[in-house]
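One structure is given here, and the rest of the page talks about it.
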Amino acid sequence: MASSYDLLHRGVQRWVRDQGWTELRQVQDRAIRAILSGDSDILIAAATAAGKTEAAFLPLLGRAADRDAGGIAILYIAPLKALINDQARRLGGLCDDLGLPLVRWHGDAPQGPKERARRNPRGVILITPESIEAMLIRRPTDARRMFATLEAIVIDELHAFLRGPRGLHLAGLLRRIEALGTRPRRIGLSATIGDPKIAAAWLRPDAPEAVTLIEAEGGQPELRLQVRGYAERDALVGTDAIDAEGRRIDGEADALSAVADHVWRNLRESNNLLFAGSRRNVEELADRLRRRSDEVGVPNAFLPHHGNLSRELREEVEARLKDGAVPTTAVATTTLELGIDIGSVASVAQLGAPRSLAGLRQRLGRSGRRADTPAVLRIYVREPAVPVDPLDRLRLPTVRAAAAVRLLLARFVEPPERHDPALLSVAVQQILSLTVERGGIAPAALHRALFASPPLALAPADLAALLRGMADAEAGLIEQAPDGLLMLGREGERITERRDFYANFESDEEWTLVAGGRTLGTIPLANAIAIGGLIGFAGRRWRITAVDDRARVVQVTTHPAGRLPMFENGSAEPIHDRLAAEMRAVLEDDDAPRWLDATAAGFLAEGRATWRVIGASGGGLIEAGRTTHLLTWRGSAFNHLAAVLFVAAGLHAEAHDIGVAIEGVTPGELGSRLPELMKLLDIRRLSESVEGLRREKYDGFVPESLLRAAWADRHVAMLPDLQALPRTIAAAAV
DNA sequence: GACCTGCTGCGGTTTG
């Protein structure tokens, strides 16, 4: 059998030799054969830096070089501008050799090459979903000329599009691109997270079984992991009070200080990633770690990395990691989860128990990527020193960390939700956008073009209701011409002309922080800003020297003290049913995992002892002062639904990680409300009690009745389990 | 008690 190398275009072969590659990776070998042997859609699932890009592009570019037809041959779509820039660097030389133009097409990319590609489309375009959106509505004629001839659409980081508004948006864009000409094959590049069949179904919804799956084989590196427990040590925990000399007024005698000590001692001399969970934690930890280095007089090895830091500061951290000359540990949020090239790291650490296995796997995938090195994972868990609430005695952070490790070893990953809550919002945007692109469209054609199949499937009656809402006088988004054609209304014109129309997510207004002409990043506008004020940001401390209210620019200069800004959005990352269930399993088990340190093992033992008492007495209801905890051991979605039930009954209830807190009632009183609760167990009726349904960018234009019906559709499958709750209450309240 | 992502076209100015 011919080697896959022999199948490649001669120019591509020459380039491969010039790289000094002695062989092609297995994923590349299989992808080359699959791509050159037909026209099927293909999903390539492999770890970051496994050579997925080359696996797709080596054969595709050879084909493109041989073809006679004009027009763009390959459209590469990525979720980040930084990835487009990375790929342009990696593929630029090869495209030059083959005489194929390679054009970066995003908001920060130069105009000249885009202009040339519009006039004489050839070769490859690397683009973001938002730039596709802009091209389709601003220059539909150019878009048709460029996209009518596509042979392949390559979607990088496909797993990032499997849930949420951006994925639905891209699904709509793909349909619109296909409507312009040929039916290009789709090639998805994905991390090895979750079920590849789900990704295949997203890639080609009408023929998922025809997608060729190419998965990297085995090669699971050895995993070394530890969960480390820390007890808070005094009552000032969580304050950010800092004195003029830059010391915390509580003297840092808290658990985070002990975590920082351990991190500083163990990670200082190698490259690592420390995921801290929130921007605030990143800043807090980076500040403490830097001060430890300052006190001893050694160079600081710990640098913050999050979405509010300027591109420049983030790229410095990424370059230090990739370069490897100076030991560097990035203290990061999720910014370093996606495939920006940062080389390999010695270990991954995480502050706080994981809430998502998908996230944990993705983070772990950054470690142990060399064949002979183990992946190393540390999880730091903090617990209250003196439990106040009975729930504290269950030691749930430690239990969740243990449950997450068990599910990690069991290879569990959360699947995406079947009904995405962003569907109606994305539908509003795509209706407006397609109306502009086509200069008017009939409702039936609209349904065929966008909404006939998943993931954007919408029943004709629901589409009609949505269109009526968009057309009503108050909304004014669309109008219907006498011949039935949909046209833009006044508000529709206004919205689609704005620059922020292209993205399907909202962005908040912010202050920009500048120090000595250098942009540090941004903080939410909600932070009070005044000259003389102190700020902790980018791992350092600053004093405000000037404020430009109109431009929203704040000048700062270094200062010994600083107070961390507010970032939080007020809701926690939801957890999945399986993780909550595994937490109970951990409590009911009696094993002694070796990967718990002594403190964490002590917390686990305490949690289990507590659960033996609570569980023995039914375990459903816990009395805590005037609050009653109903423990469901289900995930956030179910607990949210249960809270809606109690709110509908006139009670004040809030969902938490493993159940619902119902305020102002004892378990006995709750039992007496049972007949009332039973009467409410109807999903339509419950949907009337839900608040805060408008969360996505264009939800404001969706009729409320549609939003409530969609909520009911998302939750109806849980109704039988909800109906079992009153029995739990009755049993426990006796 | 969370995180992340994106952006046109035009007119003016500067630079090679």
Side-chain angles (χ1 to χ4, degrees), chain A residues 77-85 104-111 114-115 118 127-140 142-143 156-157 159-170 173 238 275-283 304-309 311 314 331-340 350-356 358-360 362-363 382 391 396-397 400 422 426 429 433 436 495-508 521-522 524 566-575 636 639-640 654-658 661 695-697:
Chain A
I77 304 170
L80 301 177
K81 291 182 285 192
L83 283 177
I84 286 172
N85 297 340
R104 289 188 295 142
W105 199 299
H106 59 66
D108 299 339
Q111 284 294 326
K114 295 183 194 171
E115 187 56 42
R118 267 199 289 264
I127 196 167
T128 61
E130 288 74 18
S131 283
I132 297 174
E133 180 65 73
M135 194 189 302
L136 286 174
I137 67 171
R138 293 283 172 255
R139 297 176 174 271
D142 289 344
D156 204 355
E157 306 274 4
H159 55 279
F161 292 112
L162 297 182
R163 63 173 88 200
R166 229 172 159 209
L168 294 174
H169 185 189
L170 180 56
L173 294 173
F275 292 99
S278 70
R279 289 165 288 192
R280 187 188 176 81
N281 284 345
V282 165
E283 290 289 350
H305 193 284
H306 60 71
N308 282 66
L309 293 174
R311 172 76 46 202
R314 287 160 60 171
V331 187
T333 55
T334 58
T335 39
L336 288 177
E337 277 181 11
L338 279 188
I340 300 167
Q350 151 122 7
L351 177 66
R355 301 182 66 84
S356 129
L360 185 59
Q362 186 119 346
R363 293 167 187 193
R382 292 177 286 172
L391 278 190
L396 294 172
R400 194 172 75 231
V426 174
Q429 185 218 29
S433 177
V436 176
I495 288 180
T496 55
E497 276 165 16
R498 288 171 46 153
R499 194 170 64 115
D500 70 1
F501 177 70
Y502 313 120
N504 218 304
F505 44 87
E506 280 183 293
S507 44
D508 298 328
T522 61
M566 297 180 296
F567 289 112
E568 291 85 357
N569 72 2
S571 69
E573 179 184 12
I575 71 171
S636 306
N639 294 330
H640 167 68
E654 275 186 35
H656 55 75
D657 282 355
I658 54 161
R695 292 175 174 278
E696 301 293 336
K697 186 171 178 185

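Reminder, nothing fancy here: chain letters follow the sequence lines and each chain counts from 1. Reckoned from all heavy atoms, side chains included, excluding hydrogens, waters and symmetry mates. Bear in mind that the values here come from a model prediction, so they are computed numbers and not experimental data.
With sequence neighbours excluded, the residues that form a side-chain hydrogen bond (donor to acceptor under 3.5 Å, both in side chains) with A:Asp156 are A:Tyr76, A:Gln87. Residues meeting the salt bridge (Lys or Arg N to Asp or Glu O under 4.0 Å) test with A:Glu283, sequence neighbours left out: none. Shown here are the side chain to side chain contact (heavy atoms under 4.5 Å, CB included) partners of A:Glu497, two or more places apart in sequence or in another chain: A:Glu493. Every residue two or more places apart in sequence or in another chain that forms a side chain to side chain contact (heavy atoms under 4.5 Å, CB included) with A:Glu654 is listed here: A:His652.
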Just the table, please: protein N/O against nucleotides 1-3 of chain B N/O, every pair under 3.5 Å.
unit_1, atom_1, unit_2, atom_2, d
B:dG1, N1, A:Asp657, OD1, 3.4
B:dG1, N2, A:Arg355, NH1, 3.0
B:dG1, N2, A:Arg355, NH2, 2.6
B:dG1, N2, A:Asp657, OD1, 2.4
B:dG1, N2, A:Asp657, OD2, 3.2
B:dA2, OP2, A:Gly570, N, 3.4
B:dC3, OP1, A:Arg279, N, 2.6
B:dC3, OP2, A:Arg279, NH2, 3.0
B:dC3, O3', A:Thr333, OG1, 3.3

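Of the N and O atoms on the side chains of A:Thr335 and A:His305, at least one donor lies less than 3.5 Å from an acceptor on the other residue.
In this structure, the side chain of A:Glu133 does not engage the main chain of A:Leu173 through any donor-acceptor pair within 3.5 Å.
Side-chain atoms of A:Ser131 stay outside donor-acceptor range of the base of B:dG6, with no qualifying N/O pair under 3.5 Å.
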Each nucleotide in nucleotides 10-16 of chain B should get exactly one letter: B, S or -. Can you fill that in based on protein heavy atoms under 4.0 Å?
-------
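Between A:Pro304 and A:Leu309, the closest heavy-atom pair is O-CD1, 3.4 Å.
At the heavy-atom level, A:Arg138 lies under 4.0 Å from the strands shown only through sugar-phosphate atoms. Here A:Arg163 lies out of heavy-atom contact (under 4.0 Å) with every strand.
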Given A:Gln362 and A:Leu338, is the side chain to side chain contact (heavy atoms under 4.5 Å, CB included) satisfied, shown in steps?
CA-CA 8 Å; A:Gln362 186 119 346; A:Leu338 279 188; 3.8 Å; yes
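Side-chain N/O atoms of A:Thr128 include none lying less than 4.0 angstrom from OP1 or OP2 on B:dT5.
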